[in-house]
Q: 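This is the structure I have questions about; it appears just below.
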Amino acid sequence: MLRMTQTSTVLSIFILFLHTTFGESGCTSADGDGTFGDDEPDNFDIDCFSQLEFRDSYSSLTCNFTEPPPHNTNYTLALCTKEDSNYVCFNMEKQEDAYFLQFTDILSNKDICMDSEMKKRVCRSLVVTDIVKPEVPFDINITYQKEANEYLIHYSTPHSWKKYLKDKLIHQIAYRQEEGTWKTIESPYLQVKLLGKNLENDASYEVKVRSQPNGDYFKGMWSEWSTSKSFRTTREQHSRESSSSVVVVIFSILGFMLSIVMIVLIVTFWENRIKPAVWPNLPDHKKTLEQLCKKPKNNFDISFNPESFGYVHIHKVDGIRAKAELENFLQPSTAPETNIPEKFRSGSDQKMIPAMTDKSKLNLPVTYGGIWPAEALHRLLGTSQLAVTEGNCSSSTYEVCHSNGVPLCDDAFNLSSAPPLDPSHQPRPEPLNGDTASQMLPTSEMRSPNNEEAYVTMSSFYKIQ
Amino acid sequence: NSAFFRSIFRVLPLLLVLSPVNSSSCAMGNRTTEIRVKYENILSHDIDELVNMSAEYRDRCCKNKKHENSKVFFCNDTQEIESLQSMACNMLRFFHKQKISKSFRWKAALVSCGTLQLLQCKCERHKKEK
């Protein structure tokens with residue numbers, strides 16, 4: 001009994017391990033999962049590509065041998081998929097030199113297996129989404145944009161209305177000029193622009209397009225080239241470019257010349273006009289005075305040396321009287337209201353200033369000193385009586401003074417006796433001269449109009465002039 | 001004799017436990033990234049297409065008095081894989097019975113099989129949905 005129990009236990013355990021060893025499929029593959037990956041080395045060279053959504057929901061797989069197999073050997077290619085516990089294989093259809101198969105499932109991992117009469121089945125893993133070959137682009141259109149001088153190339157692809165490869169392709173545009181070398185441009189979009197300045201004028205060009213998966217998830221190879229499309233460039237490109245370049249050159253030359261002219265003008269007129277206007281010099285009072293004052297004549301005596309004025313009769317400025325007083329004294333009926341001669345400035349300057357008066361006045365040379373020349377006095381005495389001032393009322397007083405009975409020489413200051421002077425004609429004397437004049441005034445005022453002294457002021461002098 | 005049978009019965013539960021059949025019908029493993037990438041680039045487009053095609057059958061489904069079939073497409077939280085498996089299997093079983101167009105049935109089957117293939121699940125024939 002015990003022996004039977006032990007035997008049954010061992011038998012059940014053996015059956016259990018046997019079931020585990022064989023697994024689910026029951027296939028006798030080396031790796032135990034039903035695949036043939038490790039059975040024999042994958043030493044068969046085939047190239048395959050897939051086309052997604054080849055027709056409706058079906059995708060396709062196309063394979064061909066890189067090395068042609070022996071003619072006498074029949075080979076079979078199959079696409080196998082592990083589904084559940086089964087390993088399902090689908091034989092590919094032989095079409096001339098290629099093998100073709102349609103299928104729907106692109107999610108699962110697949111194997112490509114080769115069967116031959118001489119050898120066992122050989123398989124190799126295959127990822128359908130990594131060998132994608134897109135469909136050929138079509139409908140190429142070229143449009144010339146005149147304003148921008150560009151050629152817009154637009155094309156279409158069948159994958160635009162399909163699910164998997166929409167917006168996941170890279171397009172390559174190739175163009176050349178009449179059997180020249182091909183130039184390529186790549187773009188993820190369905191249009192590109194060719195600049196007119198990069199193309200020859202009035203030349204014929206050829207354009208073609210192909211596509212490839214962008215590599216984010218789907219990978220693969222370039223599709224076949226589309227049919228070529230030709231177009232001809234315009235002639236206005238060169239003239240436009242040349243005219244624009246000429247305008248630019250002209251403007252640049254004009255600008256350069258203008259800048260040179262401006263520089264020359266600035267350098268030329270900098271010192272004379274620009275700098276004084278921008279930074280005016282501060283006026284020098286000495287020079288200003290020199291400009292204001294009149295330039296003396298060459299023969300004008302400018303000297304403070306008394307010896308140089310030897311020919312000049314210098315009279316002292318004592319007892320100068322107004323000329324009007326003198327005139328009134330001499331001719332009271334004729335010119336009682338004549339302008340009273342103004343006082344001369346007495347001072348260091350002692351000049352002989354000829355007194356040019358009008359007819360109402362006597363034309364007499366008047367001096368500061370009030371000492372009339374002898375000839376003038378005699379002449380005056382002949383015509384009228386004059387009151388000539390004299391600095392000293394000594395015996396040198398003329399008879400003219402005394403003839404009127406007015407004492408001209410009086411030590412006391414007596415303004416009331418003196419004729420009124422026209423204050424408007426009296427200039428304001430200098431302080432020194434003013435003192436002298438004030439000192440003189442009482443003296444002159446004390447004297448009667450009979451004094452021969454005459455007052456000559458600057459205003460009378462200007463009148464004489 | 002009684003000891004013999006007891007020994008056999010003792011082994012049988014062991015056989016059931018050590019059965020090579022997977023305890024779970026899905027063998028997803030740690031393939032989260034692969035599942036996500038395949039879903040985004042392939043399966044999502046098929047689902048969108050199926051949704052667009054099902055718009056014409058919406059009224060027909062709602063007119064069905066028996067609404068117990070709506071339970072089969074319910075998704076449980078924290079059980080996404082199991083829910084997806086259940087939905088895919090039930091979709092295969094459901095559309096097989098309904099009188100719908102061949103193209104729609106074909107698309108539904110494509111989505112169901114794609115889902116099961118992506119998750120590496122299979123439908124259990126004898127399992128009944130609650």
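Because only heavy atoms are used, hydrogens play no part in the values below, and waters and symmetry mates are left out as well, while side chains stay in. So that the names make sense, note that chain A is the first sequence line, chain B the second, and so on, each numbered from 1. Given the structure is predicted, the values throughout are model-derived calculations rather than measurements.
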Q: On a heavy-atom basis, which atom in Lys38(B) and which in Asn109(A) lie closest, and how many Å separate them?
A: NZ-OD1, 3.9 Å
Q: Please tabulate, for the side chains in residues 108-117 of chain B, all donor-acceptor contacts under 3.5 angstrom to protein atoms that are two or more places apart in sequence or on a different chain.
A:
unit_1    : atom_1 : unit_2    : atom_2 : d
Ser112(B) : OG     : Ala88(B)  : O      : 3.4
Ser112(B) : OG     : Ala108(B) : O      : 2.8
Thr115(B) : OG1    : Val111(B) : O      : 2.8

Q: Examine whether an atom of Thr129(A) lies under 4.5 Å from a heavy atom of chain B, and if so say whether it belongs to the side chain, the backbone or both; otherwise answer neither.
A: side chain
Q: Would the number of heavy atoms belonging to other residues, nucleotides or ligands and lying under 6.0 Å from CG of Asp97(A) be above 12?
A: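 It does not: Asp97(A) CG has 12 such atoms or fewer within range.
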Q: Taking atom CG of Leu107(A) and atom CD of Gln120(B), what is their separation to the nearest 0.5 Å?
A: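 One finds 11.0 Å between CG of Leu107(A) and CD of Gln120(B).
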Q: Just checking Lys166(A): does its NZ atom have more than 12 heavy atoms from other residues, nucleotides or ligands closer to it than 6.0 angstrom?
A: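 Incorrect, the count does not exceed 12.
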Q: List the steps and the verdict of side chain to side chain contact (heavy atoms under 4.5 Å, CB included) for Ile42(B) and Tyr164(A).
A: CA-CA 6 Å; Ile42(B) 300 173; Tyr164(A) 301 133; 3.7 Å; yes
Q: Answer yes or no: does atom CZ of Phe138(A) have more than 12 heavy-atom neighbours from other residues, nucleotides or ligands under 6.0 Å?
A: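 Counting neighbours around CZ of Phe138(A), more than 12 heavy atoms of other residues, nucleotides or ligands fall under 6.0 Å, so yes.
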Q: Please determine whether the number of non-hydrogen atoms from other residues, nucleotides or ligands lying under 6.0 Å from atom CD of Glu96(A) exceeds 12.
A: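 It does not: Glu96(A) CD has 12 such atoms or fewer within range.
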Q: Does any heavy atom of chain B fall under 4.5 Å from the side chain of Lys168(A), the backbone, both, or neither of them?
A: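 When you check distances to chain B, only side chain atoms of Lys168(A) fall under 4.5 Å.
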Q: Based on non-hydrogen pairs under 4.5 Å, which of Ile106(A), Asp216(A), Leu52(A) is most in contact with chain B?
A: Ile106(A)
Q: Measure distances from Ser57(A) to the heavy atoms of chain B and classify the residue's part below 4.5 Å as side chain, backbone, both or neither.
A: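 Interface part for Ser57(A): side chain.
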Q: Applying side-chain hydrogen bond (donor to acceptor under 3.5 Å, both in side chains), can you list everything that pairs with Lys162(A), at least two apart in sequence or on another chain?
A: Glu135(A)
